[in-house]
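Below: one structure, written as C-alpha cells.
Every chain is numbered from 1, with letters handed out A, B, ... down the list of sequences.
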Amino acid sequence: MTQTPATDQTNTPAHANDHAPCYITTPIYYVNDRPHIGHCYTTLVADVLARAQRLLGRDVFFLTGTDEHAEKVVKAAADNGMSPMDWATKNAERFKDAFTFMGFSNDDFVRTTEDRHKTRASAYIKKLKDADIIYKGEYKGWYDPSQEEYVTETTAKENDFKSPVTGKPLEERTEENYFFRLSNYETWLKATINSGELKILPEARKNEVLGRIAQGLNDVPVSRRIKQGDPDWGVVMPDDPEHRVYVWIEALCNYLTTVDTEDRRKYWPQRSADDAHPAPTITHLMAKDILWFHAVIWPAMLHALGETIPSTVYAHAYWIAEGRKMSKSLGNFIEIDTLRAYAARYHLDAVRWFLTTQGPLGPTDADFAHARFVEVYNADLANGIGNATSRVSNMIEKYLGGEIERTCDGRFGFEEGVALQTARAARAAAGNPVDDDSRVFDLRSSCEEALRKAEASLANDCITDTLTAGKALSDEVDAFIAYAAPFTLAKRLDEFEHGQRALATILYASAEALRIASLLLAPAMPFQMAELWRRWNCNHLTLPDDPNSPFVAPLEHLAHWAGDFGLKPGQRIAKGDPLFMRADPAEPAPSAN
RNA sequence: GGCGGUAUAGCUCAGUUGGUUAGAGCGUGGGAAUCAUAAUCCUAAAGUCGCAAGUUCAAGUCUUGCUAUCGCUACCA
C-alpha cells in the first residue's frame, strides 16, 4: 500500500510506456510539525494528480517525505529526552500514518537523514563547489546574540536594529560562508520562465517571481561555520569540515537524490537536444511560502549541475479555518485528527473531494467551513453521484432483475431512435407528457467530450476539470432520467411493442455514462468508486478489492462507450448501501475527540 | 516603506482585444415528477460590477485618485 516503497516496476502495465514518464513531488515536511490540513492538502493534490496520470496510462513516480536536518530538531529531541534520530523517526512515522490514512499512493517516502539522500546531496554540492559555482565568501549580517542567530536585513531595519525577541541591540557581524552564484543565472531564469520551459503556476505566482527576479539576484549563502558544541546533524560542506550546508539547500536535493538511481533515472533523465524519447514531466507541488526556493534557486542549481529542470512548479495558497487564518496563537489549526473525524462521519473520499474541489489551488486562500463542507457534500456527493448511482442501480434491480440486458449507442432523441419516443409515449399515456418533445441526449458524445476535457486539463497539471467533467456527466444522467422517466415506462410495458427494449436501452445508457463518470471521479475518490465498480462487476482494476492496484488499461480504453471494459449484457448490477449518505446540516461539526 | 494582485448576485467565483437585456455553481422562492439517500427535473427572483473623477459615440473591461483586502520584500524551517 501507500507507505511501501514500490521500488520495482515489475507491476507496471505494458501500456505505461506509451507515454512520457511523470514525476510528481510534494515538499518534504519539517519533521517537528504535526501533520495538519496544509501537509495533507498539498500531498492530496499530488495524489489526485498522480492517480489521474496513472489513469491516463502514464508511468508515474510520486514522492513525498520529511525534512529532518534542522537544528531545531536537535533541540526538540533533547527537550523530549531523545536522540535526534529517534525523535525524527518518531515524527516521520506520524506523517507516514497521516498519509496512509489519507489514502495517498506515493511510491516512496524519503527522509533526508537517509544515506541515499545525504551521500548524493553531498556529491551534488561538491560538484558545484569544484566548479566554483559554490564559492567561499564573506557574509555580512545582523546577528542577534541573545538568540544566537542572524536576522534578515529587513527584519533588522523593521526592529530598529534590535532583537525582535529580546529588544537587545543587534551586532553587525562578518562571517566566512559559502555562497551559491545565483546572480549568474538571472538572465537564464528570466528566459526559461518566460518561454514556459519552466512553468510557474498559478499565473499570479509566476508574475510574482518574475517581478522579484527583475529586482536583481544576489548570491545566496549556503553554509554556516560549525561552532564549538554544535550537534553533528546535517550535511557537512564537502572538503571543508568546518562548514555545514544549510538545511534548505540540502533538502531541495531530495527531489533528485531519490530518483538518482539506475532504475529511476527515467523520471529525471539527463537529456540532449536530439533526444527522441518523449520528455518526462517533473511537477513540484507546494504551498506558496516556499515558491522562491523551488522556482528560482532549485532550477538554477539544477542548471548549474547540468541536470534537467522541472517542467512545472505549482504553488497553491493556504487553507483558513471558518474564515480565520490558522495560527499557533489561535490554536485553530485543522489537524489530521479533525480530518479523521470528518472521514469517520462522511467518508474519507468526501474529505478528499471537498479538499480537492474547494481548496486553494489558485492564488487566493480557501476556507474550510463546516457549513460549506456539508453543502458541498450533499450537493455533489449525496445528491449527485451517490444518488444517481443509487437510482440507476435500483431501477436495474427492479426492472431488469439486476442484470444488464443490452447495450446501446447512448444517443436519444435522434431520428432513428425508438427508445426515447417510446418513453415519451409512456409519459403521455400516464398523463404527464414532456414539456419539450424535441430534446435530445447524446450521452456517448458527452462522455467522449468529458474524456477530451480531462486529458487536455491534465496536460496542464489541472486536476479539477477532470473531476467537474465527471460530475457534469452524472448531472446529465439525472436530467436524462427525469426526462425519459424509465419508471413511468416500466409500469406500461405491455402498452408498447418495444417497451422492454426501450427500458433496457435507457437504463443501459444511464449506467454506462455513470460508469465513465466514475472513472473521471476516481482520482479524487478512489475508494468509493472502486466500491461502485465492485457492485457493478466492472473490471477496471487489476485487483478489484484493492483500490490502489493499477488499472488494467488506460482511460481511453476503459472509458470507451460499450467497449471492452464497458457494461455488457448479462453483467450483474447490485445496488448496495448509499455511497454517500445524505448529511444533516444541523448536526454540529465532527470533533477530533 | 518598496513592488505587485484583488474588489462583480446571500456565498464561491467566470467575464475574451472596451460594444446590444452582466454569467456559472451552490443557496433561496415557485412548479412538476416519484426510480432514488424527501434525492431529481423545470423555472423564477436577486447585482447602482468597492468609491469618485476622467478618456470615449460606447467601460465591469482603459487612466488617475481614494478606501478595503491580500501577496512578495531573499538566506528560520
Measure CG/N378(A) against P/C11(B) and give the value in whole Å, please.
21 Å
Within the 4.0 Å heavy-atom criterion, would you say K206(A) contacts the bases, only the backbone, or no part of the nucleic acid?
nothing
By nearest heavy atom, map V31(A) and A485(A) onto RNA chain B; which one lands nearer the 5' end?
A485(A)
If you take atom types as modelled and just measure distance, does the side chain of D67(A) reach the base of A77(B) with a donor-acceptor pair under 3.5 Å?
no
Between U34(B) and U16(B), how many Å separate the two C1' atoms, rounded to a whole number?
44 Å
Check whether the side chains of D380(A) and W353(A) place a donor and an acceptor atom closer than 3.5 Å, and report yes or no.
yes
Say we look at G15(B) and G50(B): how far apart would their P atoms be, to the nearest angstrom?
15 Å
With respect to the side chain of V220(A), which nucleotide from C35(B), C75(B), C42(B) is positioned closest?
C75(B)
For R582(A) and A39(B), is the shortest distance between a side-chain N/O and OP1 or OP2 below 4.0 Å?
yes
Taking the P atom of each, how far is U73(B) from U21(B), in whole Å?
46 Å
Could you give the side-chain donor-acceptor pairs of residues 211-222 of chain A under 3.5 Å, partners two or more places apart or in another chain?
| residue | atom | partner | partner atom | Å |
| --- | --- | --- | --- | --- |
| D219(A) | OD1 | L182(A) | N | 3.3 |
| D219(A) | OD1 | S183(A) | N | 3.0 |
| D219(A) | OD1 | S183(A) | OG | 2.6 |
| D219(A) | OD2 | Y135(A) | OH | 2.5 |

Using a 4.0 Å heavy-atom cut-off, does A204(A) contact any base of the nucleic acid, only the sugar-phosphate backbone, or nothing at all?
nothing
Would you please confirm or rule out a distance under 4.0 Å between OP1 or OP2 of G71(B) and any side-chain N or O of R212(A)?
no
For D365(A) and G71(B), give me the distance from atom CG to atom P, rounded to whole Å.
7 Å
Tell which nucleotide pairs with A45(B), taking only Watson-Crick or G-U wobble pairs whose two distances are both under 3.5 angstrom.
none
Is any side-chain heavy atom of Q528(A) closer than 4.5 Å to one of I385(A)?
no
Looking at CD of E68(A) and OG1 of T89(A), how far apart are the two atoms once the value is rounded to the nearest 0.5 Å?
6.5 Å
side-chain contact (heavy atoms from CB on, under 4.5 Å) partner of T356(A), chosen from L467(A), L361(A), V351(A)
L467(A)
C76(B) OP1/OP2 closer than 4.0 Å to side-chain N/O of K75(A)
no
Winner on side-chain proximity to A379(A), out of C35(B), G27(B), A77(B), is G27(B)
Taking any heavy-atom pair under 4.0 Å as a contact, classify R427(A): base, sugar-phosphate, or nothing.
nothing
Among C3(B), U37(B), G71(B), the nucleotide that comes nearest once only the side chain of E208(A) is considered:
G71(B)
I'd like to know if the side chain of Y483(A) and the backbone of D436(A) have a donor-acceptor N/O pair within less than 3.5 Å.
yes
For C35(B), take OP1 and OP2 only and decide whether either is under 4.0 Å from a side-chain N or O of K491(A).
yes
What's the NE2-P distance between H69(A) and A77(B), to the nearest Å?
12 Å
Under 3.5 Å side-chain donor-acceptor pair for S393(A) and W536(A):
yes
For the side chain of K325(A), starting at C-beta, report the closest nucleotide among A36(B), G71(B), U40(B).
G71(B)
From the list C13(B), A33(B), G71(B), which nucleotide is the closest neighbour of the side chain of K288(A)?
G71(B)
Between Y346(A), Y342(A), F368(A), which is the residue that forms a side-chain contact (heavy atoms from CB on, under 4.5 Å) with F354(A)?
F368(A)
Pick from K288(A), K325(A), R324(A): which one makes a salt bridge (Lys or Arg N to Asp or Glu O under 4.0 Å) with D365(A)?
K288(A)
Test applied, salt bridge (Lys or Arg N to Asp or Glu O under 4.0 Å); reference residue, R572(A); option that passes from E405(A), E397(A), E403(A)
E403(A)
Starting from C1' on C75(B), measure out to CZ on R224(A) and report it in whole angstrom.
9 Å
Can you identify which nucleotide, out of A36(B), A33(B), C75(B), has its nearest atom closest to the N432(A) side chain?
A33(B)
Would you indicate what I249(A) reaches in the nucleic acid, counting non-hydrogen atoms under 4.0 angstrom: base, sugar-phosphate, or nothing?
nothing
Among A77(B), C41(B), A39(B), the nucleotide that comes nearest once only the side chain of A482(A) is considered
C41(B)
Under 4.0 Å, heavy atoms only, any strand: does N207(A) hit a base, just the sugar-phosphate, or nothing?
nothing
Measure CZ/R391(A) against P/A33(B) and give the value in whole Å, please.
15 Å
Please state the P separation for the pair A74(B) and U69(B) - nearest whole angstrom.
23 Å
Between G10(B) and G47(B) - P atom distance, rounded Å
8 Å
Below 4.0 Å: OP1/OP2 of U40(B) and any side-chain N or O of N383(A)
yes
Without decimals, in angstroms, what is the distance between L217(A) CG and A74(B) P?
13 Å
Closest to the Y30(A) side chain: C35(B), A77(B), U37(B)?
A77(B)
At under 4.0 Å between heavy atoms, what does Y399(A) touch on the DNA or RNA strands: base, sugar-phosphate, or nothing?
sugar-phosphate
Determine the Euclidean distance between corresponding P atoms of A14(B) and G25(B); express it in Å to zero decimal places.
16 Å
Among U40(B), G71(B), A74(B), which is the nearest nucleotide to the side chain of N218(A)?
A74(B)
Which is true for L291(A) with a 4.0 Å heavy-atom rule: it touches a base, it touches only sugar-phosphate, or it touches nothing?
nothing
Without decimals, in angstroms, what is the distance between E203(A) CD and U16(B) C1'?
15 Å
Between A77(B) atom P and N91(A) atom CG, what is the distance in whole Å?
17 Å
Under 4.0 Å, counting only non-hydrogen atoms across every strand here, what does G216(A) touch: a base, just sugar-phosphate, or nothing?
base
Any idea which of C42(B), C35(B), U37(B) is nearest the L579(A) side chain?
U37(B)
Partner of G19(B) under the Watson-Crick or G-U wobble criteria, both distances under 3.5 Å, comes out as C57(B)
Once you apply a heavy-atom cut-off of 4.0 Å, does G211(A) come out as touching a base, just sugar-phosphate, or nothing?
nothing
Does OP1 or OP2 of U37(B) have a side-chain N or O of K575(A) closer than 4.0 Å?
yes
May I ask you to evaluate whether K471(A) reaches the phosphate of G25(B), defined as a side-chain N or O under 4.0 Å from OP1 or OP2?
no
Touch check for P221(A), heavy atoms < 4.0 angstrom, all strands: base, sugar-phosphate only, or nothing?
base
Report the residue (A479(A) or E375(A)) whose heavy-atom-nearest nucleotide on RNA chain B is the more 5′ of the two.
E375(A)
Determine the Euclidean distance between corresponding P atoms of A58(B) and G31(B); express it in Å to zero decimal places.
47 Å
N or O in side chain of N394(A) less than 4.0 angstrom from A36(B) OP1/OP2
yes
